[in-house]
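Labels below follow one simple rule: chain letters A, B, ... track the order of the sequence lines, proteins then strands, and each chain is numbered from 1.
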Amino acid sequence: MSNVKQISVFLENKPNQLTGVMKLIKKSGINVRALSIADTKDFGILRMITNDTDKTCDVLREAAYPVKVTEIIAISIPDAPGQLSRVLDTLGEQDVNLEYLYAFTGTSDKAVSFVLRVDDADKASAVLTDAGIIQLTENDIADL
Amino acid sequence: MERYWNKDIECMPREEMKKLQDERLAAQVKHVYENVKYYRGKMDEMGVKPEDIRSTEDLHKLPFLSKADLRETYPYGMLAKPLSDCVRIHSTSGTTGKRVVAFYTQNDVDMWSECCARAITAAGGTNEDVVHVAYGYGLFTGGMGLHDGSHKVGCLTLPMSSGNTDRQIQFMRDLHSTILCCTPSYAAYIGETIRDMGLTPDDLDLKAGIFGAEPWTEEMRRSIEQSLGIKAFDIYGLTESSGPGVAFECCEQNGMHINEDNFIPEIIDPDTGEVLPEGEVGELVFTSITKEAFPLLRYRTRDLCVLSRKKCSCGRTLIKMAKPMGRSDDMLIIRGVNVFPSQIETVLIEQGYSPNYLIEVDRVNNTDTLDINVEMNPDQLSDKIKDMQDQEHKLAEAMKLMLGINPKVHLVSPKSITRSEGKAVRVIDKRRLIDFPKK
């Protein structure tokens with residue numbers, strides 16, 4: 001199974017919150033590989049994958065940000081019509097529930113990468129492998 | 001073994017205490033009638049003469065005093081001694097309006113420090129202890145009150161005052177403070193800071209805390225006791241009757257013994273003013289029977305609580321008052337429902353949240369709104385929005401069960417709500433600016 005670590009950070013939904021995090025990351029020389037924000041009226045959850053998860057967590061915790069690490073699945077699929085649909089069908093057929101997903105860029109302009117957060121990561125990983133869908137490891141992402 | 005500061009008084013048989021109260025009350029009424037024109041006017045208006053008050057049974061014949069009276073007579077109208085006999089002034093925080101100033105003769109200061117000495121002794125304090133006073137010093141009675149009481153017991157007294165929490169903790173460690181005196185919200189903050197510094201209660205020598213000056217809950221008590229590794233004792237008082245020490249808690253931690261040799265308590269119906277029997281909830285009223293300079297008779301505290309004469313395992317015979325449910329000043333009426341901030345605090349601690357919160361009450365389209373800002377618990381952070389919103393909903397549900405009305409709960413960042421070093425500000429009532437009638 002894939003073991004890509006995603007960092008989640010609690011931020012209030014008001015001005016200058018994300019910039020606080022990004023300044024710390026910039027200062028520490030960390031590179032963000034993938035990022036998305038889920039927002040509510042009161043707060044947002046910033047989710048990101050960086051080239052150094054441990055360091056990122058240390059830096060943020062030091063600055064008193066609530067931080068949590070979860071394992072997610074990262075896939076790389078051809079940049080062509082119907083490809084994401086094929087992934088979703090594969091998961092859906094096996095009753096794997098998708099909580100959220102977001103896209104991020106790799107180095108190839110012929111492929112696109114996605115973070116998938118599912119209810120059953122082990123099962124999803126096996127199903128995707130069977131369907132021949134490429135899963136990225138942490139090293140793959142760090143080396144991007 | 002239970003220690004007493006003044007066993008003769010603290011364990012005095014009821015009949016003897018009643019006799020002492022009767023004598024002191026009669027003399028006090030005479031003193032007030034002769035020296036305080038304002039109160040004499042009130043008594044004359046009701047047709048009551050000092051001779052009519054011979055014992056505590058006659059107390060109900062006397063007129064009440066309220067904060068409004070003290071504002072009206074500010075600053076000297078309640079003074080019963082020449083200023084040349086007075087040695088000190090203290091003042092209320094003035095959070096609910098104009099300040100009230102109180103005057104003290106040397107005897108008044110001595111009586112007050114005697115009361116605080118009883119509280120410190122009941123919390124286990126002796127001359128071996130280092131008492132760390134982190135109440136504010138100055139016009140506020142908290143600092144000076146516990147300070148003088150600590151002196152009286154012979155404790156090594158650290159007059160820290162409030163604020164500069166890092167320094168507080170450094171002194172606690174370097175000088176081995178054993179008893180901490182401050183507001184409960186500041187005690188909670190000190191506990192939080194100690195944890196953040198990577199320290200545990202084992203790094204401190206604290207064994208007890210004496211906390212008062214604002215309402216706090218049993219849940220908050222347990223949480224402070226854990227975070228500081230102490231036994232936490234409640235203390236009650238108000239500037240109008242001297243300061244902290246009017247009542248204090250013993251090892252039973254179940255209600256506070258009132259220093260009845262100085263203060264006679266009554267519980268009244270806040271609407272009718274009628275005296276209620278023991279055991280009923282009502283407004284607490286105090287009559288000071290020994291104060292010389294600022295002797296208030298039947299002063300309405302606005303605190304809602306219950307009195308009990310049940311035998312206490314500590315051996316004290318002094319009547320006990322339950323932890324006040326809150327000043328009626330703190331009570332919010334939201335959509336017609338009575339809401340106490342302490343109820344919100346109870347729910348937060350039960351659900352694993354920090355007791356630092358901010359209540360905002362407003363009126364939108366003629367309907368009251370209640371918003372509660374709660375610091376999220378970092379241990380409960382989830383990457384899934386659904387989980388985070390569930391936390392808000394669960395908290396709102398628990399609040400609704402407790403309060404009877406539906407609040408909006410907002411999770412905010414940890415530590416984003418200002419910590420208080422004195423009395424905590426928990427409520428912003430925006431309605432008052434518009435059309436909310438204030439009592």
OG on Ser416(B) to NZ on Lys14(A), rounded to 0.5 Å: 6.0 Å

Residue among Lys386(B), Met376(B), Glu392(B) with most heavy-atom pairs under 4.5 Å to chain A: Met376(B)

Sole candidate of Val412(B), Asn377(B), Leu411(B) that passes side chain to side chain contact (heavy atoms under 4.5 Å, CB included) when paired with Phe10(A): Leu411(B)

NZ/Lys408(B): more than 12 non-hydrogen atoms of other groups inside 6.0 Å: no

Steps toward side-chain contact (heavy atoms from CB on, under 4.5 Å) verdict (Ile385(B), Tyr100(A)): CA-CA 10 Å; Ile385(B) 283 292; Tyr100(A) 58 81; over 6 Å; no

Spacing of Thr40(A) atom OG1 and Met388(B) atom CE [to the nearest 0.5 Å]: 8.5 Å

Region of Val69(A) in contact with chain B, defined by heavy-atom distances below 4.5 Å: neither

Between CD on residue Gln389(B) and CZ on residue Phe43(A), distance to nearest 0.5 Å: 6.0 Å

Straight-line distance of Lys41(A) NZ to His410(B) NE2, nearest 0.5 Å: 5.5 Å

Pair Asp383(B) + Arg117(A), salt bridge at N-O below 4.0 Å: yes

Step-by-step side-chain contact (heavy atoms from CB on, under 4.5 Å) determination, Asp42(A) to Val409(B): CA-CA 9 Å; Asp42(A) 296 327; Val409(B) 170; over 6 Å; no

Other residues, nucleotides, ligands: >12 heavy atoms within 6.0 Å of Ile134(A) CD1: no

Backbone of Ser413(B) reached by a side-chain donor or acceptor of Glu12(A) within 3.5 Å: yes

Candidate pair Lys384(B) and Thr70(A), rule side-chain contact (heavy atoms from CB on, under 4.5 Å), full reasoning: CA-CA 10 Å; Lys384(B) 292 187 246 172; Thr70(A) 32; over 6 Å; no

